[in-house]
Amino acid sequence: MEGGWKEVLAVLVVLAGLAAPGSGYQIIEGPHNATVLEGSEARFNCTVSPGWKLIMWTLKGTVVLSVTPREPIITNDRFTSESYEDVGGNSISEMIVHDAQPGDSGWVKCSLQNSDREGLAFLAVQVMGALYIPNDSIVVTEDEPCTVTCRALGWSPLPNISWEVAVPVSQSSYYSFLEPGEPRSTVSVLALTPQGNGTLTCVANLRSVQAHKAVAVNLTVVQSPSDNTEKSGASLPTWAIALLAVLCASVFILIVVLIVVFCCCCSSQRKKKESVYQIKIRNSEKDNTKEGTSETKLKNGNENRAFSSDGPRATQTAPPPPKSREARAQGQPSSSPPPQEPRKQQPAPASRPQISFNIASPQKVRSATLV
């Protein structure tokens, strides 16, 4: 009931104001254009000279607020009023639009009763839509070109999209275009060649209201398979490197040992061949020496085989050679005949011929008779 009485009273006040005779008051300064985000507040001021009776605010041709010198007449809670006075005694009426919606966009008018002057302003309500990157994290290959896509959906007007690249790259660039079939959507594509891990941030700006929205994605860079193959051999663990060094040293030592053994075998075989050859030469020299000795003996005289060394000796034989020379003669074969001691001949009886002895060895004595 009380609300109904207020509405009736507001209507009567408006009618009375319109019926009252006008005076010299007027609108000194009208409202200004305003651009706000959806869900925020929009404020419009209208300055009038003293003596005014009624101020009316209309939005898109509909009266949404009336203000009297005593109090405002509120018909919709989304539209409220504040009143001030400036230093010159002029009155300032402020209309506040709460929770602005895209449907509120339009002309706002401030007017006085019985006055042809009015103040006009335009209310623009902008919409900040959704912004997203299809993947929360992206895995790419190092030093290979790749692209990242960012979409802005349901924005009014369409935003300006930029990128913040917190990734080491060799080059990067981006471009934007309208998404087909979506007049309130735009797409931005970032092309880059990454060289390390980092974060990519897509930023959508509405410059008229100094508002922006951002979305980030983590970029993980992996090495190419060829680089992994090359670096796997270079990045061996310490124990593997030590084992490899030991194996290389063992193989080297084994090769050296095999070379030494081979050289020794070759040398021993060569020595054996040389020793056999030398033995053959020595034997041949011995045979030649024996043949020469026998020929010399035949030339000097005939051997008296009837002589026996056990019978009485008519002549005095020479003493045997020293033991050292005898041992040397028995231990080492020599190609030359052993040295002979000088013979001492004693005068024999006249009835017997002279006899000389050729001592070949201390054990066996042969005699030769000169004819």
Side-chain angles (χ1 to χ4, degrees), residues 128-155 159-179 182 185-206 210-277:
M128 183 180 289
L131 183 69
Y132 72 95
I133 297 175
N135 298 320
D136 295 335
S137 61
I138 302 174
V139 180
V140 296
T141 305
E142 184 179 3
D143 287 329
E144 290 190 6
C146 64
T147 58
V148 182
T149 303
C150 179
R151 285 182 169 84
L153 303 177
W155 291 68
N160 294 323
I161 298 179
S162 60
W163 289 87
E164 295 177 359
V165 180
V167 175
V169 297
S170 59
Q171 60 179 0
S172 65
S173 61
Y174 64 90
Y175 59 94
S176 300
F177 59 91
L178 295 177
E179 189 169 6
E182 294 289 341
S185 300
T186 183
V187 179
S188 180
V189 178
L190 172 66
L192 72 161
T193 304
Q195 295 179 334
N197 301 332
T199 303
L200 302 175
T201 305
C202 177
V203 182
N205 289 290
L206 290 175
Q210 299 297 320
H212 70 276
K213 182 179 285 188
V215 60
V217 62
N218 293 324
L219 183 70
T220 303
V221 175
V222 297
Q223 298 175 352
S224 61
S226 60
D227 294 340
N228 290 333
T229 304
E230 292 176 359
K231 293 185 178 180
S232 61
S235 60
L236 291 175
T238 305
W239 64 266
I241 296 174
L243 180 60
L244 184 61
V246 171
L247 290 176
C248 291
S250 301
V251 171
F252 178 75
I253 293 173
L254 181 60
I255 291 172
V256 171
V257 171
L258 290 176
I259 292 172
V260 172
V261 171
F262 179 76
C263 293
C264 292
C265 292
C266 292
S267 177
S268 61
Q269 290 180 0
R270 187 178 301 171
K271 288 181 178 180
K272 287 180 180 179
K273 290 181 180 179
E274 290 180 356
S275 61
V276 170
Y277 180 72

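Positions are given from 1, in the same order as the sequence printed here. All heavy atoms count here, side chains included; hydrogens, waters and symmetry mates do not.
From Leu254, atom CG reaches atom CG of Leu247 across 12.0 Å, with rounding to the nearest 0.5 Å. Taken to the nearest 0.5 Å, the OG1 atom of Thr238 stands 12.5 Å off from the CG atom of Leu243. Remark: Leu200 CG to Ser137 OG distance equals 11.5 Å, nearest 0.5 Å. To the nearest 0.5 Å, atom OG of residue Ser173 and atom CG of residue Leu192 are 8.5 Å apart. To the nearest 0.5 Å, atoms SG (Cys150) and OH (Tyr174) are separated by 11.5 Å. With values rounded to the nearest 0.5 angstrom, Leu258 atom CG is found 11.0 Å from Cys263 atom SG.
Side-chain atoms of Lys213 never come within 3.5 Å of backbone atoms of Leu206 as a donor-acceptor pair (strictly under, hydrogens ignored). The main-chain N or O of Phe177 is found under 3.5 Å from a side-chain atom of Thr186 such that the two form a donor-acceptor pair. The backbone N or O of Ala130 sits less than 3.5 Å from a side-chain atom of Trp155, completing a donor-acceptor pair. Panel note: side chain Asn197, backbone Val221; a donor-acceptor pair is recorded below 3.5 Å.
The two residues Val140 and Pro194 come nearest to each other via the heavy atoms CG2-CG, 3.6 Å. Of all non-hydrogen atoms in Trp163 and Val189, the two that sit nearest each other are NE1-C, 4.4 Å. Across Gly196 and Val167, no two heavy atoms sit closer than the pair O-CG1, 3.1 Å. Closest approach of Gln195 to Glu142, counting heavy atoms only: O-OE2, 3.7 Å. Contact detail for Gly154 and Ser185: the closest heavy-atom pair is N-OG, 3.8 Å. Taking each heavy atom of Ile161 and Ala152 in turn, the nearest pair found is CD1-CB, 4.0 Å.
When side chains are defined from C-beta on, Arg151 counts as touching Pro134, because their heavy atoms get closer than 4.5 Å.
Results of the side-chain contact (heavy atoms from CB on, under 4.5 Å) test with Ile253 over Val256, Ile255, Val257, Val251 single out Val257 as the only residue that passes.
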